[in-house]
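Here's the structure we're looking at; comments come further down.
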Amino acid sequence: CVVIGHGTNDPGATNKKDNEFEFNSNFAEILMKKLSKKYDVIKYNRGTLKSENISILNSYEADVILSLHCNSADNKQATGTEIIHHEKSKNGKMLATILSQEISNALGLKNRGAKPPFNGRGNSLLSKTKPTCVILEPFFISNDNDLKIAKGKLNEYAEAIANGLKKYFEEIKK
């Protein structure tokens with residue numbers, strides 16, 4: 001399940017005219033096309049709701065939930081890729097670690113690693129969903145260079161996610 005982070009009433013982090021919701025709405029189409037070659041994929045967006053409907057997400061009975069976001073910081077120089085996982089989820093940490101490395105390599109950005117939620121950020125989604133769930137923060141939208149790189153490497157970013165999922169599924173089969 002591919003979740004487009006944020007919604008129409010909450011565009012998320014911004015950089016001048018770009019915002020997290022629009023970036024990930026567009027990117028989700030590229031990702032869905034890439035993933036649908038190998039997996040059954042469903043897309044979810046909360047629309048005008050304040051947060052994701054966990055009951056709906058759980059009803060999809062997905063193996064994995066990927067929540068698409070973009071990081072942001074007051075420090076416009078903050079850079080890199082990090083993936084957020086539930087701190088008690090062994091599979092979540094494994095998936096976050098794999099995806100963080102794959103995406104970091106694809107975008108050529110610092111790998112900030114797999115991390116548990118910071119100040120509760122995303123904890124509700126991560127703790128209440130039944131499938132393994134991670135929040136992707138592939139780059140800092142508040143950093144002009146990170147955003148430029150991400151916009152220029154959308155296909156590479158999607159390929160990194162596909163490669164990461166393949167490695168993850170191979171690893172959990174062992």
Side-chain angles (χ1 to χ4, degrees), residues 1-7 10 12-13 20-21 23-25 27-28 30-32 34-36 38-47 49-73 78-107 109-141 150 157-174:
C1 178
V2 174
V3 174
I4 301 169
H6 297 281
D10 171 22
E20 200 171 349
F21 174 69
F23 178 89
N24 286 312
S25 293
F27 175 68
I30 296 167
L31 181 60
M32 296 285 293
K34 169 69 73 183
L35 294 179
S36 65
K38 183 165 176 125
Y39 307 105
D40 292 328
V41 188
I42 190 160
K43 180 173 61 174
Y44 171 87
N45 177 255
R46 65 180 166 200
L49 299 176
K50 272 189 111 103
S51 62
E52 286 76 17
N53 185 320
I54 303 297
S55 296
I56 290 174
L57 287 172
N58 284 334
S59 75
Y60 295 150
E61 297 182 355
D63 294 314
V64 170
I65 296 175
L66 304 172
S67 185
L68 304 177
H69 288 266
C70 303
N71 221 336
S72 183
T79 184
T81 299
E82 60 188 35
I83 310 297
I84 314 301
H85 63 88
H86 189 272
E87 59 194 337
K88 294 181 181 176
S89 172
K90 178 182 166 193
N91 284 351
K93 184 175 183 179
M94 180 193 318
L95 178 58
T97 300
I98 293 168
L99 287 175
S100 185
Q101 185 63 56
E102 291 290 325
I103 294 167
S104 171
N105 288 344
L107 298 181
L109 296 173
K110 175 183 176 181
N111 183 2
R112 297 168 61 100
K115 298 182 175 184
F118 177 73
N119 289 337
R121 175 179 77 178
N123 199 46
S124 179
L125 176 68
L126 295 170
S127 66
K128 294 179 180 176
T129 49
K130 292 177 186 173
T132 299
C133 180
V134 293
I135 298 172
L136 285 73
E137 304 275 8
F139 65 94
F140 280 78
I141 197 169
Y157 174 30
E159 186 68 33
I161 293 171
N163 290 340
L165 284 173
K166 181 178 184 263
K167 287 180 181 180
Y168 169 75
F169 287 128
E170 288 170 353
E171 194 62 35
I172 62 171
K173 285 181 183 178
K174 290 182 181 178

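Note that these values count all heavy atoms, side chains included, but never hydrogens, waters or copies made by symmetry.
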Presence of salt bridge, [Y] and [X], under 4.0 angstrom:
X: R121; Y: E82; value: yes
X: K174; Y: E170; value: no
X: R112; Y: E137; value: no

Strictly distance-based, threshold 3.5 Å: is any side-chain N or O of [X] a donor or acceptor partner for the main-chain N or O of [Y]?
X: N91; Y: T132; answer: no
X: S104; Y: Q101; answer: no
X: T81; Y: P138; answer: yes

Distance only, no hydrogens: is a donor on one side chain within 3.5 Å (strictly under) of an acceptor on the other, for N111 and S100?
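Judged by distance alone, the side chains do pair up.
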Under 3.5 Å, is there a donor on one side chain and an acceptor on the other for E20 and N24?
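Their side chains do not contain a donor-acceptor pair, so the 3.5 Å distance test is not met.
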Can you measure from [atom1] ([X]) to [atom2] ([Y]) and round to the nearest 0.5 angstrom?
X: F140; Y: C70; atom1: CZ; atom2: SG; result: 11.0 Å
X: Y168; Y: L99; atom1: OH; atom2: CG; result: 10.0 Å
X: N123; Y: E87; atom1: CG; atom2: CD; result: 6.5 Å
X: N53; Y: Y44; atom1: CG; atom2: OH; result: 5.0 Å
X: L66; Y: I83; atom1: CG; atom2: CD1; result: 9.0 Å
X: K166; Y: E102; atom1: NZ; atom2: CD; result: 10.0 Å

Kindly indicate, with the supporting measurements, whether the criterion side chain to side chain contact (heavy atoms under 4.5 Å, CB included) is fulfilled by I103 and L109.
CA-CA 8 Å; I103 294 167; L109 296 173; over 6 Å; no
For the pair Y39 and V64, evaluate side chain to side chain contact (heavy atoms under 4.5 Å, CB included) and give the outcome as yes or no after the intermediate values.
CA-CA 11 Å; Y39 307 105; V64 170; over 6 Å; no
Where do V41 and V2 land on the side chain to side chain contact (heavy atoms under 4.5 Å, CB included) test, with the steps shown first?
CA-CA 7 Å; V41 188; V2 174; 3.8 Å; yes
May I have the step-by-step check of salt bridge (charged side-chain N to carboxylate O under 4.0 Å, His left out) for E171 and K167, ending in yes or no?
CA-CA 6 Å; E171 194 62 35; K167 287 180 181 180; over 6 Å; no
What pair of heavy atoms forms the shortest contact from [X] to [Y], and how long is it?
X: G7; Y: R46; result: N-NE, 3.7 Å
X: C1; Y: Y60; result: SG-CD1, 3.8 Å
X: N58; Y: K128; result: ND2-O, 3.2 Å

Take the angle between the ring planes of F27 and Y157 and call it parallel below 30°, perpendicular above 60°, tilted in between.
parallel
Got a sec: does the CZ of F118 have more than 12 other heavy atoms crowding it under 6.0 Å?
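At most 12 heavy atoms, drawn from other residues, nucleotides or ligands, come within 6.0 Å of this atom.
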Could you go through the side chain to side chain contact (heavy atoms under 4.5 Å, CB included) check for L68 and F23 one step at a time?
CA-CA 9 Å; L68 304 177; F23 178 89; over 6 Å; no
